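Just so you know, these numbers come straight off a predicted model, no measurement behind them. A, B, ... follow the sequence lines: proteins, then strands. Residue 1 opens every chain.
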Protein chains: 2
Amino acid sequence: MTELLNNETVVDYIAQHPEFAKHIDVATAKAKEIGDGNLNLVFLVKDADGRGLVVKQTLPYVRSDHSWKVTEDSIFAEARGLEAADKYTNGLSPKFYGLDRDRRLVVIEDLSDWAQWREALDEGSVNPGAARDVGRFVARLAYGTSYFSREPQDVQKAAAESINPELEQITEDLIFEEPYYEHEHNGWEPGATDLVLALRDEELRTQVAKLKYEFLTNGEALLHGDLHSSSLFVRSEKNPVADDDTESPRIKAYDFEFGFYGPVAFDLGILWGNFLLAQARELALLADGPETIGVREGKDFARFDWLISLYEEAWDGFETEFRRLVGEHKADKIFTDAFVDGWIARTLRFAAGYAGAEGIRRTIGWAHLPDLETLGPDRKVWASRVVLTASRALLERFEEVGSAADVRRIVEESIPTSQRSQA
Amino acid sequence: MTELLNNETVVDYIAQHPEFAKHIDVATAKAKEIGDGNLNLVFLVKDADGRGLVVKQTLPYVRSDHSWKVTEDSIFAEARGLEAADKYTNGLSPKFYGLDRDRRLVVIEDLSDWAQWREALDEGSVNPGAARDVGRFVARLAYGTSYFSREPQDVQKAAAESINPELEQITEDLIFEEPYYEHEHNGWEPGATDLVLALRDEELRTQVAKLKYEFLTNGEALLHGDLHSSSLFVRSEKNPVADDDTESPRIKAYDFEFGFYGPVAFDLGILWGNFLLAQARELALLADGPETIGVREGKDFARFDWLISLYEEAWDGFETEFRRLVGEHKADKIFTDAFVDGWIARTLRFAAGYAGAEGIRRTIGWAHLPDLETLGPDRKVWASRVVLTASRALLERFEEVGSAADVRRIVEESIPTSQRSQA
């Protein structure tokens, strides 16, 4: 078992490693464990001048239950993702300072001036340009690690080195299996039971199976693998940028331990599913009762309108950047323009499906999120029903999706008042 | 560099390895090098009682050009494929006796009573049930090595261990690239030039790109990887079976060095492409001139009718066996019947496309085959034109294919007289 660091020994550790120590003044450095996840320790180490770095070390057990042993090798996936993102995404991830294989830790840039996007969203933030930059992040990582930019032998070796079976299994079970069966991990508000039981349906399972099989078999690019809004930083009041600044990064993606070679659509879909959660939360907060979900009279829907625009903003960021990169250089000349068009269209369709799978599992599966959990019980039911209805529609219809605007429309049609006004 | 065996030292080698020696009487054993490939030595070792085994050792260079160095690691792919086929295909491959990693060799069952299928076909054979058994072989190998029967973590580890970048590159270049561009490897009869130049077309390249990308990214099962009729044995007069014997194997698949985790459709499509070559050869032999290709008057088309039935026979063998296996046990319950139906339909479509790619590259690419090469120059042109026309149609239309009968129809419509009779 790896020797775990603490707030004292982590400073000594940095001091003993010049390649890390050069980033701070170790003589005045102090450390604080700031991790909130179950699988890692995260130390923020800062010196008297405010310069800092972050040390992330894998736990050999689940933090909340030391008898539950887990792989320490997820740190290798973390390091691979950090290194690739640092290399390819042009500032949309923390700087990667290095991996210590024996100590199962990585050292990265201090981003403590940034805000976790989910926390910001749950407090009511509006973050112009953030979704676009996440789309760009996905495009750059996908392009940089795939056959679109690299020689086949390189990709095949990288994919083989990047397998991550234990963490992939978590995704396979929690996203693509348990919510569609009776399972002890599932949980939901009684007011959503009718929608939950209706998910245990062969036709819906068939749709989920298509998404799962794609996840299992389509090893096209190195994924982040868990690209939800708690894996993303956005700017805070500590590091603002001007609205017209189109150059400075507006997001940083982190927590790469779920990375592996999989379908690019998965990263986009997980992101979209979390947009749906934020939208449902906003709708629930705006409503006075289940009958007024989505009723605009007397309410300020400006923030909701921003939230519902994020599917298109993220997609546009992805597609524009991916086309720009492929336009500059394609590793294989037989990847014609029409082939690239078809690949993008297929990626869009599967992303819509993954969004639905993420919405469902975050509402009724094992890993709920503050977006809905911090609502009162009534509003949680209202929001859950919106997410489940929209997610189911995305699962049923993802193969028909032809644009990010279609995703938005499918979600809008799932809001009760939208359905009434259409009836 | 590995120490290479010869007809004398191979017997000593067997004698020193009891796990191999037990299959023969080494005291009376004699060896003969029978390999005809460029990348391996193949020794048939037989004792005085007629018991034998085969030793296949990788060459570190191309046999015809010792200055051309090639990977010796293809023997590991060979061993993986032999072992998996021996385990899963129920007698449709040679028994696998073992791998010697240091000597880069495998030892397998002696199948010298069997006939290479291509040689048999080129001599005019009819082999009832052989195509069905090849379909079963593909079904069993695909099922046994994929997510349909195995736990995800096992498949992911097996796929990572099975990468075969150098040999995959050969396929990528020779099948999915060179024939669609001007390339020094290409060669054809002048009488086919119009059809060859017409292949250098963006729309056709787009179709090939779809097939190539699927080959590169869809790591769903361990493939044979080169399943043409020179990688298949059929029964000969030395080991016949009764026509009504539906149990005894009618084929043995061998030469697994191109194996890797890829799309199941690829194995089926390569097989189909070689059926097309055999059909074109038969048509050319039956015709008196280019105007009478496919004209039945006064000719015996019985063997052609058998050859053109092989798409459906092989597919039926595959689909029936795959459905039987999945019906007995699925590793993942969310793989619903409708999902399996969809997977089979998609596999069929891509197989049709791969058949077209194989037909083209075997006619104008770097690796021609005796099927056409042993025809006289005129008949070679006639046959080439049939293959190129049908292959192009398969590439253009593979996404519309809904049955193996559709594949047959697309090929039939590409025979000049069929086109005339339809006009």
| Euclidean distance, B:F335 CZ relative to A:R205 CZ, rounded to 0.5 Å | 14.0 Å
| query | Hey, what's the ring geometry for A:Y213 with B:W343, parallel, tilted or perpendicular (30° and 60° as the breaks)? | reply | perpendicular
| B:I163 versus chain A, the contacting section by heavy-atom distance below 4.5 Å | side chain
| message | Quick check: do B:D332 and A:E172 have side-chain heavy atoms less than 4.5 Å from each other? | response | no
| field | Contact class of B:K212 relative to chain A, heavy atoms under 4.5 angstrom | value | side chain
| said: Is it the case that the side chains of B:E168 and A:Q156 hold a donor-acceptor pair, with the cut-off being a distance below 3.5 Å and no angle test? | reply: yes
| remark: So, the part of B:A159 with a heavy atom under 4.5 Å from chain A: the answer is neither
| task | Using a cut-off of under 4.5 Å on heavy-atom pairs, state which of B:K210, B:E177, B:E202 scores highest against chain A. | result | B:E177
| query | Hey, is CG on B:D337 packed in by over 12 heavy atoms from elsewhere, all under 6.0 Å? | reply | no
| query | Out of A:N218, A:V340, A:L216, which one racks up the most heavy-atom pairs below 4.5 Å with chain B? | reply | A:L216
| request: Kindly check if the number of other-residue, nucleotide or ligand heavy atoms within 6.0 Å of CD (A:E182) is above 12? | output: no
| message | To the nearest 0.5 Å, what is the distance between CD on B:E203 and CZ on A:F339? | response | 16.0 Å
| Nearest 0.5 Å, what's the CD-CD distance between A:E214 and B:E220? | 11.0 Å
| task | Output the distance between atom NZ (B:K333) and atom OH (A:Y181), rounded to the nearest 0.5 Å. | result | 6.0 Å
| Residue B:F215 versus chain A: region with a heavy atom under 4.5 Å | neither
| request: Select, from A:T206, A:T217, A:I334, the one with the greatest count of heavy-atom pairs under 4.5 Å involving chain B. | output: A:I334
